[in-house]
Visitor: 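The structure that follows is given in the form of structure tokens.
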Amino acid sequence: MHADTIVQIGAVITLFSVCGSIFVIRCVKRQISEMVDALEDVRNGNGNRRILSEPHELVAPLAYIINDIILSYESRLSAYHQTEETNRQLMTSLSHDVRTPLTTLIGYLDAAHKGIVTGKERDNYIETARRKAYDLKEYIDVLFDWFKLGSDEFSMNIVTVDLTELTRNLLIDWIPVFEDIHMNFTIHIPEQPFRVKLDPDGYMRILNNMVQNVISHSHGDRIEIALSKQGGNIKVRLADNGVGIDKEDLKHIFERLYKCNKGRSEKGSGLGLSIVYQLVVKMNGTITAESVPGNGTVFTLFFPSTEEKSGTGTFSIQKAE
């Protein structure tokens with residue numbers, strides 16, 4: 001091949017190469033400009049902005065990374081706004097659920113202290129003040145549990161425990177309460193140990209919150225608590241014969257600050273069952289709620305068992321009606 005021809009071919013190839021490089025550089029500059037615009041848009045509050053790029057394009061990996069960062073940013077921002085709204089609702093709830101009964105409590109105590117009421121009436125005022133003080137303590141305890149669950153310092157002491165013994169010991173303390181408020185109760189606990197891995201204090205809060213929920217909100221006069229083994233899980237069943245929960249409310253029953261609008265009492269923080277749900281999940285368990293308005297509610301918990309053998313005997317307690 002003639003030398004001039006070779007030179008001409010080389011020149012053409014070089015020209016095409018240069019043109020191609022210029023085209024690629026222009027495309028990259030355009031895409032980088034689009035990225036800058038998108039990031040500026042995100043900075044101004046548009047978290048839905050995304051950068052479009054074909055897989056074969058030079059800047060595609062960078063575009064995908066930026067999109068992932070934007071998505072993560074939007075998720076964190078949404079979580080922040082949700083937390084902010086929750087805190088606002090908590091402050092509103094505190095204002096109503098703490099200040100109001102505290103003011104009433106002070107009024108009863110002042111009346112007794114200043115001699116405005118005397119004799120039997122004074123004793124009644126003091127007893128009312130005592131009950132309201134315990135109600136406030138219960139409310140503050142729930143708030144403390146809620147904030148503790150959401151803090152970075154929260155930790156659980158997961159150990160192997162005998163759930164039958166632990167449950168039995170917890171419920172024994174509730175029997176005088178049931179009798180005092182004239183609530184019929186049935187408790188079925190196997191004599192054979194059911195071993196599970198969980199946090200004993202966390203389980204105590206779960207069971208106490210659920211029993212208190214029945215007492216405070218169900219308007220029923222019977223509670224049934226039973227432990228059994230189902231497959232590889234330990235089943236804890238808690239049922240009442242109260243007014244029940246509407247289907248729409250049942251969907252949100254474990255959400256924080258959610259309060260049923262009908263039937264069940266609106267008294268409370270709206271955090272109790274949310275705390276129960278979070279604790280159950282943190283201990284690798286599950287919880288469900290079933291209810292028919294007018295026919296009571298059933299809560300069912302499952303915790304993974306650490307053994308295969310099931311119990312044969314049953315320890316039962318039942319209040320005579």
Side-chain angles (χ1 to χ4, degrees), residues 82-151 153-154 170-183 201-202 204-221 223 240 242-243 245 249 252-279:
Q82 187 175 9
T83 301
E84 192 176 47
E85 174 62 18
T86 298
N87 289 337
R88 186 192 66 78
Q89 293 181 38
L90 276 174
M91 292 307 297
T92 302
S93 179
L94 276 171
S95 177
H96 177 268
D97 296 335
V98 174
R99 290 182 60 186
T100 301
L102 186 58
T103 301
T104 305
L105 173 61
I106 292 172
Y108 278 106
L109 291 176
D110 280 346
H113 177 70
K114 296 176 180 178
I116 298 175
V117 290
T118 59
K120 182 63 177 178
E121 189 176 10
R122 180 179 183 275
D123 292 340
N124 291 337
Y125 268 49
I126 293 176
E127 174 59 21
T128 301
R130 187 187 68 84
R131 289 199 306 270
K132 289 185 177 297
Y134 274 100
D135 289 342
L136 280 174
K137 180 183 181 301
E138 176 190 330
Y139 182 82
I140 292 171
D141 285 345
V142 170
L143 283 177
F144 177 78
D145 284 343
W146 170 255
F147 284 118
K148 187 177 179 181
L149 274 172
S151 72
E153 298 178 358
F154 178 78
L170 288 172
L171 293 179
I172 285 174
D173 292 335
W174 278 103
I175 292 176
V177 178
F178 296 150
E179 292 176 340
D180 185 55
I181 62 176
H182 305 292
M183 175 169 281
D201 289 338
M204 178 184 70
R205 290 199 291 273
I206 288 170
L207 197 58
N208 286 342
N209 279 7
M210 293 180 66
V211 172
Q212 186 62 54
N213 180 72
V214 172
I215 293 174
S216 300
H217 306 299
S218 72
H219 299 296
D221 61 1
I223 184 171
D240 66 64
V243 295
I245 305 171
D249 287 326
H252 308 282
I253 198 67
F254 296 116
E255 294 178 9
R256 56 188 172 186
L257 299 179
Y258 188 82
K259 299 182 181 180
C260 298
N261 294 323
K262 300 176 183 178
R264 294 166 78 90
S265 170
E266 294 186 1
K267 174 187 174 184
S269 62
L271 294 175
L273 289 179
S274 177
I275 291 172
V276 166
Y277 179 83
Q278 290 190 63
L279 287 171

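None of the values given here were measured: they were computed from a predicted structure.
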Visitor: Looking at CG of Asp173 and CG of Asn208, how far apart are the two atoms once the value is rounded to the nearest 0.5 Å?
Guide: 8.5 Å
Visitor: Go through the steps for Thr128 and Lys132 under the test side-chain contact (heavy atoms from CB on, under 4.5 Å), then give the verdict.
Guide: CA-CA 6 Å; Thr128 301; Lys132 289 185 177 297; 3.9 Å; yes
Visitor: Would you name the heavy atoms of Val243 and His219 that are closest together and state the gap between them?
Guide: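 Nearest pair, atom of Val243 first, then His219: CG1-CB, 4.0 Å.
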Visitor: Begin with the C-alpha distance, continue with both residues' side-chain angles, and end with the deciding distance and a verdict on side-chain contact (heavy atoms from CB on, under 4.5 Å) for Val117 and Arg122.
Guide: CA-CA 5 Å; Val117 290; Arg122 180 179 183 275; 4.1 Å; yes
Visitor: What are the two closest non-hydrogen atoms of Leu279 and Gly202, and how far apart are they?
Guide: CD1-O, 3.8 Å
Visitor: Rounded to the nearest 0.5 Å, what's the gap from CG on Asp240 to NE2 on His217? Could you check?
Guide: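 The CG atom of Asp240 sits 11.5 Å away from the NE2 atom of His217.
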Visitor: Considering only heavy atoms from C-beta outward, does the side chain of Asp180 approach that of Val177 to under 4.5 Å?
Guide: no
Visitor: Please report the shortest heavy-atom distance between Leu171 and Leu207, naming the atom on each side.
Guide: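 Minimum heavy-atom contact is CD2-CD2, 3.9 Å.
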Visitor: Taking side chain as C-beta onward, heavy atoms only, is Trp174 less than 4.5 Å from Gln212?
Guide: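 Side-chain contact under 4.5 Å: yes.
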Visitor: Look up atom CG in Asp249 and atom CD1 in Ile253, then write down how far apart they are to the nearest 0.5 Å.
Guide: 6.5 Å
Visitor: What distance separates Thr118 OG1 from Asp123 CG, expressed to the nearest 0.5 Å?
Guide: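 Result: 9.5 Å between the selected atoms.
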Visitor: Is any side-chain heavy atom of Leu273 closer than 4.5 Å to one of Asn213?
Guide: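 Counting from C-beta outward, Asn213 and Leu273 do come under 4.5 Å.
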Visitor: Kindly compute the distance separating CD1 (Ile206) from CG (Leu170), expressed to the nearest 0.5 Å.
Guide: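 Answer for the CD1-CG pair, Ile206 versus Leu170, is 10.5 Å.
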Visitor: Is there a side-chain contact between Ile223 and Phe178, using heavy atoms and a 4.5 Å cut-off?
Guide: yes
Visitor: Flag the pair Met210 / Val276 as yes when at least one side-chain heavy-atom distance between them is below 4.5 Å, and no otherwise.
Guide: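 Touching, per the 4.5 Å side-chain cut-off.
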Visitor: Rounded to the nearest 0.5 Å, what separates atom CZ in Arg131 from atom CG in Leu136?
Guide: 13.0 Å
Visitor: Heavy atoms only: give me the nearest Leu109-Ala129 pair and the separation to one decimal.
Guide: CD2-CB, 3.7 Å
